[in-house]
Amino acid sequence: MFAQVIVDIVHERVAHTFTYLVPPEWESWLRPGWRVRVPFGSRQMEGIVVSLGGESDVPPEKLKPLLSVLEDYPAVLPPLLDLARHMAEETHAPLAETLRLMLPAQMRGGRVKVKTEPSARLLRPVTEEEKQQGRSRKRQLLLTLLSGGEVHPVSELAELVRDPMPALRQLRDQGLVELGELEVLRRPRSFGGDAAREDPPLTDEQREALEHMLPEVKQGRGRFLLFGVTGSGKTEVFIRLVRHCLAEGRGAVILVPEIALTPQMVDWFRARFGQEAAVLHSRLSPGERFDEWRRIRRGDARVVIGARSAVFAPMENPGIIIVDEEHESTYLSDRHPRYDARDIAAWRCEREGAGLVLASATPSILSFARMQQGRYRLVELSRRVFDRPMPQVQVVDMRAELNRGNRTVFSDALRNALQGCMRRGEQAMLLMNHRGYHSFVSCRSCGQAVKCPNCDVSMTYHVGQRGVSLHCHYCGVTQPVPETCPNCGSRAIRYFGVGTQKIEEELRRLFPDTGIVRMDVDTTGGKEGHAKLLNEFRSGRARLLVGTQMIAKGHDFPQVTLVGVVAAEMTLNLPDYRARERTFQLLTQVAGRAGRGEKPGQVIIQTYKPEDEVILAAARQDYRAFFAAELARRRASFYPPFSVMARLLVESPSEAEARRRAEALHGQVQALLETHPDWRRRVLLCSLDRPGVQLLRGHARWHVLLKLAASREAEALCGALADLAAEESPPEVDTYFEYNPVTMM
Ligand code: ADP
Ligand code: ZN
Ligand code: ZN
């Protein structure tokens, strides 16, 4: 028997395999997916068996045998191996790269570190006489504790017997006890919530939703879009679906946008499922990740909650995959190989006969359109639990405030509402989707904003412990605030726009005795930065929470009765065809944080564009109106889902090189289209251009942007584009192929 092996998946970008001989005694059990050690030239390397067969193109006498297996189980399960193949084909990535997604980093690096602790085990039953020997109380107690015959960690024994090691060594020397090392699994810390352990009775709507979904999930073919308004209790529906899968002996995967931002979800699942629940996300230490991965692989944890990459969880026989807040862009990976976790989830469900649930209060345009085409069934939760009212939303025209002479960041309406809320002892949240103090600094004489030396974006004014400075939010560069304009030398430097820091300062002035938490990239560093701040607010020690879009996601704070949006049009003006969708989602989601407890909620949206239909639809929390208008707009201007956006992005420290490469690529694309008239017919736009951000981290950027009518031909053309990008670029030039990229900037 011969094995095809992908060697060294860490360093190589190889797609091809090497052939090895399978030792005859392995033939009965070796299957694709096992990790093996193989001879490679004069060295040994790690690899993954991707297929087995009775034939080989290479004469057998030239082949070497596999040396050993790395684990006593296949590391990559068959469906996931198929998935890696499928992704390699789909994204034109080498198989080594897609296989990498299926393994925790520690396993890929070849340095698998298993954590152990000292342990003891009784080797044979002891008589009463032997126990009494030497009259030592310690000895007696230890032998009694060990009498069951199981392996006990020494740390556990030490809780009952002080300093047990000397006595244990004695027992070992007498041949009664074996000392060893017991493997311990590192478990991520709980976030300190106090979630209920019992399932509450369901509301009528929740029960109906469940009754709709369960029969089809059981048959492994349910494909659902769960469209439930904010506060309608979607999580409880997930929990029941998961329970049913467990009862049938199957597992469940629940994807959330970002674990750090949704510690509550993890707490809820841990409280209900205990040891059955495993957590996978990027903020775990490599050891924790590895151990959680193995708990899932061994079947010890059959409920997985995790961010995007948890869609590759090594679970045998998942019964359901749930994607919560499915509209979030975090489900699109921004690294190669690029993938959309929702599509991967759908693929896995198809392959493994599991149910799929995409859930959101603001479904993505793409998913809602697919639902209308019949790819998903719609299940709605149209009311909040216990018929709690949806929050009342008021839109405030900031131009009118300015005309009345109010130059502060808060409108009279928002300031009054905040004061009322604080007086009543309740909590409020303020959304400001720009961090820093002032959003930019510019010159009054020449109108130039101070830009980052490495990036084509204006720098943000921050106030830090060591004074003020300018920061670039793209590359992280910091520099002092110039006293004169770098462009014209004028001293008329002015500060414009506000950021979270400025809002926080205003709040401290208005409410000097109230606890205030600011949550943005600058305050949430470290492994548990988010959890600490969220706990501060949840506990009530802080009653005001100000932050960027981070605060809008999924949180359930029952004491919040007021939500304020400081500048609603902020995200509307981004040069991206999804800017309107993002804005609607952000405003609706943040509004949905108000009034989730017993007291009703109020929302105030401040904006300089009060007549904008996106803002108005969000204020009414009218998803369907927004969807209809947005779909019509996209149809009219051929944006996805009516088309496919693709680009070849070129980056280089040299502007000339970037431009030359992009021009060459543009020429190659044109030539491709000349030779493929069927492809050309699908092209709505093919332009050589500079992206929204022309300079990033010191690299000049150019792109060849294509808009294609969605079709089989467009898919084929994208394949050819990916191949172009994969060709070797000149030195110092990087070329990327992007398919419906997360951003066009
Ligand atoms: P959504 O995700 O739909 O916005 P959540 O799942 O966060 O809503 O639920 C909103 C709130 O309602 C939570 O505090 C949750 O504990 C509570 N809740 C949901 N379902 C029930 C129920 N059947 N009984 C009691 N409380 C519930
Ligand atoms: Zn100037
Ligand atoms: Zn920069």
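Count residues from 1 along the sequence. When a ligand or atom number is given, it counts from 1 through the structure's own listing order. As the structure is a computational prediction, the values presented were derived from the model and not from experiment. Only heavy atoms go into these numbers, but all of them, side chains included; no hydrogens, no water, no symmetry mates.
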Find out whether E216 and R223 are in side-chain contact, i.e. whether some heavy atom of one side chain is under 4.5 Å from a heavy atom of the other. no
Please check if the number of heavy atoms outside R494 that lie under 6.0 Å from its CZ is greater than 12. yes
Decide if atom CD of E248 counts as having more than 12 heavy atoms of other residues, nucleotides or ligands within a radius under 6.0 Å.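 Yes, because the 6.0 Å sphere around CD of E248 holds more than 12 heavy atoms from other groups.
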Please verify whether a non-hydrogen atom of S232 lies at under 4.0 Å from ligand 1. yes
Can you sort out which atoms of ligand 1 are near [X], meaning under 4.0 Å from one of its heavy atoms?
X	result
F386	24 (N), 25 (C), 26 (N)
T230	4 (O)
P200	22 (C), 24 (N)

Taking the Zn ion (ligand 2) as the vertex, what is the angle from SG of C485 to SG of C488, given to 10 degrees?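 With the Zn ion (ligand 2) as the vertex, the angle is close to 110°.
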Exercise: do [X] and [Y] side chains pair donor with acceptor under 3.5 Å:
X	Y	answer
S439	H434	no
T588	T362	no
T460	H462	no
D520	T500	yes
E581	S364	no
E258	T330	no
S652	R661	no

Which residue holds the protein heavy atom closest to [atom], what is that atom called, and what is the gap in Å?
atom	result
atom 10 (C) of ligand 1	R596 NH2, 3.8 Å
atom 6 (O) of ligand 1	T235 OG1, 2.6 Å
atom 17 (C) of ligand 1	V385 CG2, 4.2 Å
atom 4 (O) of ligand 1	G231 N, 2.7 Å
atom 13 (C) of ligand 1	D556 OD2, 3.0 Å
atom 22 (C) of ligand 1	P201 O, 3.7 Å
atom 9 (O) of ligand 1	G233 CA, 3.5 Å
atom 20 (N) of ligand 1	Q206 NE2, 2.9 Å

With the Zn ion (ligand 3) as the centre, enumerate protein N/O/S atoms below 2.8 Å in chain and residue order. C452 SG, C455 SG, C472 SG, C475 SG
Just to be sure I read this right, does ligand 1 sit under 4.0 Å from the backbone of W268, its side chain, both, or neither, counting only heavy atoms?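 Answer for W268: side chain.
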To the nearest 0.5 Å, how far apart are CZ in R697 and CG in N454? 10.0 Å
Strictly distance-based, threshold 3.5 Å: is any side-chain N or O of R384 a donor or acceptor partner for the main-chain N or O of T230? yes
Would one find an N or O of K234, backbone or side chain, under 3.5 Å from an N or O of ligand 1? yes
Run through E325, Q589, E328 and flag the one making a side-chain hydrogen bond (donor to acceptor under 3.5 Å, both in side chains) with K553.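 So the option named by the test is E328.
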